[in-house]
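What follows is a single structure, written as structure tokens, with notes after it.
A note on names: the letters A, B, ... follow the listed sequences, proteins ahead of strands, and every chain is numbered from 1.
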Number of protein chains: 4
Amino acid sequence: MERKVLIIDCADAPGLITKITAACFEHGLNIIKNSEFVDNAQGRFFMRTELEGVFDSANLLAQLQRVLPAINHTKLVDVGKKRIVVMVTKEAHCIGDLLLKSYSGALDAEIVAVVGNYDLLAPLTDKFDVPFHFISHQDMNRVEHEQAMLAVINSYTPDYIVLAKFMRVLTPEFVSQYPNRIINIHHSFLPAFIGASPYRQAWERGVKIIGATAHFVTNSLDEGPIIKQDVIPVDHSYSVEALSKCGRDVERSVLSKALQLVINEDVVVYGNKTVVF
Amino acid sequence: MERKVLIIDCADAPGLITKITAACFEHGLNIIKNSEFVDNAQGRFFMRTELEGVFDSANLLAQLQRVLPAINHTKLVDVGKKRIVVMVTKEAHCIGDLLLKSYSGALDAEIVAVVGNYDLLAPLTDKFDVPFHFISHQDMNRVEHEQAMLAVINSYTPDYIVLAKFMRVLTPEFVSQYPNRIINIHHSFLPAFIGASPYRQAWERGVKIIGATAHFVTNSLDEGPIIKQDVIPVDHSYSVEALSKCGRDVERSVLSKALQLVINEDVVVYGNKTVVF
Amino acid sequence: MERKVLIIDCADAPGLITKITAACFEHGLNIIKNSEFVDNAQGRFFMRTELEGVFDSANLLAQLQRVLPAINHTKLVDVGKKRIVVMVTKEAHCIGDLLLKSYSGALDAEIVAVVGNYDLLAPLTDKFDVPFHFISHQDMNRVEHEQAMLAVINSYTPDYIVLAKFMRVLTPEFVSQYPNRIINIHHSFLPAFIGASPYRQAWERGVKIIGATAHFVTNSLDEGPIIKQDVIPVDHSYSVEALSKCGRDVERSVLSKALQLVINEDVVVYGNKTVVF
Amino acid sequence: MERKVLIIDCADAPGLITKITAACFEHGLNIIKNSEFVDNAQGRFFMRTELEGVFDSANLLAQLQRVLPAINHTKLVDVGKKRIVVMVTKEAHCIGDLLLKSYSGALDAEIVAVVGNYDLLAPLTDKFDVPFHFISHQDMNRVEHEQAMLAVINSYTPDYIVLAKFMRVLTPEFVSQYPNRIINIHHSFLPAFIGASPYRQAWERGVKIIGATAHFVTNSLDEGPIIKQDVIPVDHSYSVEALSKCGRDVERSVLSKALQLVINEDVVVYGNKTVVF
């Protein structure tokens with residue numbers, strides 16, 4: 001008995017649920033959990049089905065193609081630990097939490113490698129017996145640096161790349177190699193503060209909440225499909241440094257929740273948004 | 001074109017989703033929104049389907065009975081405003097919020113009457129042109145009092161009864177007339193405080209959060225199936241009265257959210273718990 | 001025995017707390033509650049003291065001037081219900097909540113009048129026996145319209161003006177008549193959406209939280225000192241209309257909390273930010 | 001220049017703030033931050049003052065004794081990292097988080113040792129170069145076991161002991177050695193569930209929130225003064241195991257926040273409650 005997740009994304013049409021679940025039933029597969037969402041405004045259908053049984057995957061997918069609209073995104077993915085490469089710069093809070101949760105089983109992910117453009121986080125990574133690759137951006141142009149990192153990353157065949165406070169902007173060429181498979185975290189404020197020193201700006205403005213947003217990376221900086229957001233309350237007594245500390249707390253928490261959703265295959269991207277089942 | 005909600009609750013079995021959605025499809029009904037939940041531990045299947053089209057309801061229900069397990073709870077209910085009778089004692093916060101939200105369209109419910117065992121809330125109810133029935137419990141025994149109230153309540157043929165801080169315990173006879181159709185709100189603490197003056201006890205204990213629980217009324221006092229819970233943070237500087245005020249805020253908020261869920265037909269009761277789609 | 005609140009805002013200096021509390025003590029006043037905040041980065045001192053006793057206010061303030069730095073903002077204000085004028089356009093959620101909370105005593109404020117540039121909210125206001133002034137902006141230029149509104153508002157000598165979804169931008173001339181005494185509420189998103197139809201933009205972007213910000217009105221549109229912020233979680237299944245409904249819920253809640261803080265004299269404005277004691 | 005925190009807890013009396021701050025001023029100490037709280041119902045005064053300067057501590061405390069009520073709790077404590085011994089049984093989530101936060105500087109505490117009645121958490125503790133002491137309760141009676149643990153713990157002269165899911169009840173003799181210096185974390189529910197398998201009971205009851213409470217340990221099991229509480233939302237789709245996972249998340253978060261408050265000297269215990277400045 002295996003377990004897999006079927007994800008379907010296509011134009012809405014009458015009878016889809018019947019046809020899809022009938023195909024699973026005919027293959028002797030048991031539906032453990034099923035969710036659909038129809039975006040009525042856009043006439044688009046999404047379905048996530050956890051299946052258990054003995055899979056003839058090629059056959060099932062072929063049968064589904066016969067009943068689904070011609071244009072559809074359909075995938076049948078294994079349940080289980082995903083392979084994650086984490087990219088970092090200098091900050092420990094997100095990578096530390098991911099390493100610890102992976103180690104203790106609180107996150108169904110294996111951190112297969114950490115890549116840093118500084119080497120500060122090597123000692124922390126070493127504690128968890130995860131290889132750390134220090135690839136400085138010094139003495140390289142952007143393209144060379146990305147290619148050096150990609151060479152290492154690709155060698156681990158990761159399912160997802162997590163930017164755990166990796167502070168460099170990735171080029172479209174890099175992003176295009178892992179479409180909807182690179183997850184970033186960044187701080188968020190109400191209102192937004194553009195430019196340098198956002199926590200100083202937030203402090204000067206006296207914001208009452210500090211937030212974080214985890215999203216897939218696209219070519220629009222910090223503008224990819226949102227996976228998870230959260231905030232924590234702050235007040236006037238918080239210094240710039242205290243606001244930054246709160247920011248780190250909420251970033252850490254939101255990133256690990258977002259990653260858990262992604263590795264559960266709970267997240268489907270469409271347009272510039274997500275369905276989170 | 002009408003809209004209805006189909007709710008099914010039965011033992012889990014292979015192919016249920018296929019059979020149910022196929023029946024809807026054959027009746028020419030469009031599935032606007034569909035949700036299922038399987039309690040794998042108990043082998044129980046729940047489904048909520050919003051349908052649009054021209055309904056031959058008797059025929060659809062008959063066809064569903066042919067494909068569902070013999071023992072099942074199945075209902076097809078109209079979408080739209082539900083008729084609500086609210087029972088009150090002396091406190092204004094919950095009834096005021098319900099009247100205002102019903103008036104302004106923020107709650108898809110019509111408050112058809114308010115019944116009070118005191119008359120303090122008659123002026124507030126009058127503002128919204130809703131009939132207020134003052135039925136004192138003085139000079140009546142419990143059974144007489146409940147029967148007097150039931151006579152009034154039944155005359156309004158309500159879909160649901162909301163106890164908006166109605167401070168008397170209802171007898172099993174009363175409750176049995178509206179099974180899973182009476183909604184209550186009460187304060188909740190961590191830890192729980194039994195006995196009189198719970199806010200004083202909470203103050204003496206220095207609790208850091210104050211909560212509220214909305215639930216269906218069963219014969220177990222304050223122990224029926226939970227619909228919605230929430231909390232708000234408090235601290236040592238709150239007096240007993242300030243804690244009570246916070247308690248009222250969270251009660252009001254939780255009760256109106258719970259009622260909205262119920263009138264949306266989002267809530268299914270089973271055992272002593274709920275599925276909230 | 002009276003109760004008053006002393007608010008002091010000045011440059012930080014050694015011994016301020018001693019000198020201020022000594023002055024209160026010498027006047028035979030009892031300190032019920034005391035809070036200070038020092039913005040160490042800016043060297044600025046804030047103090048809020050609730051006093052009880054028999055007040056010789058002129059004398060107390062004179063004595064304080066002798067011990068405080070030459071430049072200081074010091075005020076001694078009565079505790080008790082503040083007079084509020086509410087300005088509205090078409091939306092009922094905020095004004096309804098304020099009227100209800102004022103009526104039921106949940107908010108220590110008297111709504112003395114409502115001014116609307118449409119007349120849709122007159123019936124709701126009438127229910128609570130509060131005068132509604134319909135002053136259309138049709139057939140008037142901006143200055144004439146504001147002067148017509150100010151004439152009515154000033155006649156009520158309000159302590160504060162609340163913009164409960166008043167959808168017109170106020171001129172600097174209007175704002176200058178009530179400095180730090182006009183409170184506005186607006187929706188907030190992560191990220192921010194500039195321009196028309198923010199809820200549609202938020203929907204297209206798939207935001208996971210919807211927020212609201214209450215702030216004092218200055219000449220920078222929606223950019224005045226923040227009093228209170230909060231958010232509620234949403235997901236992909238929310239339509240544009242459902243997001244708007246959530247926005248209304250959080251606006252209502254944040255506005256009434258912000259107003260309560262202001263009328264408690266818990267809020268001090270400095271620069272473009274607030275201390276909220 | 002040193003920094004210390006002055007904590008005072010005594011009967012309320014007129015002029016206390018003046019007298020206390022005057023004493024600090026006369027010693028040439030600068031008040032960085034000051035907070036008072038008066039429990040008016042009990043006539044009790046609390047004050048926490050962060051001081052900076054050159055301390056003649058004995059002299060300052062002697063002078064304070066001359067102006068304070070005869071019975072008072074007064075202490076002047078150093079700011080800086082506290083020494084923490086953590087006691088564990090088998091669960092990794094709390095100890096892992098504390099080790100990581102201590103290592104990365106997110107928590108101003110030094111974990112000087114971990115004591116476990118099982119050895120499962122030794123490998124995790126070893127990663128952070130913190131000594132792990134395995135002291136099995138097998139083959140010992142309760143008194144012997146506690147004395148063996150105390151011998152180890154005392155050798156580290158800890159400021160505080162943290163029970164990070166230590167699953168044995170401590171005797172009054174143990175507790176009396178560290179009054180108000182032992183911090184425990186436990187799950188909390190609305191309503192409370194007594195007896196074995198609380199998560200199963202919570203699941204059967206269909207609770208909608210899961211909480212955690214951090215408190216000082218007294219002789220009343222799980223009933224000591226509360227430091228911090230929080231909850232997270234759950235729903236019907238959570239299995240017993242998923243509820244437990246949420247419980248671990250909120251326990252971890254609440255425990256580290258509570259410990260940070262305690263080591264900041266922000267927490268004063270009185271009666272069975274706390275003031276958290």
Are the side chains of D/Val276 and B/Lys208 in contact, using a 4.5 Å heavy-atom criterion? yes

Counting N and O atoms only, with roles assigned by atom type, does the side chain of B/His236 sit under 3.5 Å from a partner on the main chain of D/Thr274, one being a donor and the other an acceptor? no

Kindly say whether D/Trp203 contributes a backbone atom to a donor-acceptor pair with the side chain of B/Lys273 at under 3.5 angstrom? yes

In terms of heavy-atom proximity below 4.5 Å to chain B, should [X] be classed as side chain, backbone, both, or neither?
X: D/Asp39; answer: side chain
X: D/Asn272; answer: both
X: D/Phe189; answer: backbone
X: D/Gln42; answer: side chain

Looking at B/Ser239, B/Ser188, B/Gly211, which one has more heavy-atom pairs under 4.5 Å with chain D than the rest?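 Maximum pair count with chain D is reached by B/Ser188.
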
Between CZ on residue D/Phe277 and OG on residue B/Ser237, distance to nearest 0.5 Å: 10.5 Å

Testing the basics here: between B/Arg205 and D/Ile226, what is the closest heavy-atom pair and its distance to 0.1 Å?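 Distance-wise, the nearest heavy atoms are NH1-CG1, 3.3 Å.
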
Using a cut-off of under 4.5 Å for heavy-atom pairs, which of D/Val240, D/Val207, D/Ile209 has the most such pairs with chain B?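 Of the candidates given, the most pairs with chain B belong to D/Ile209.
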
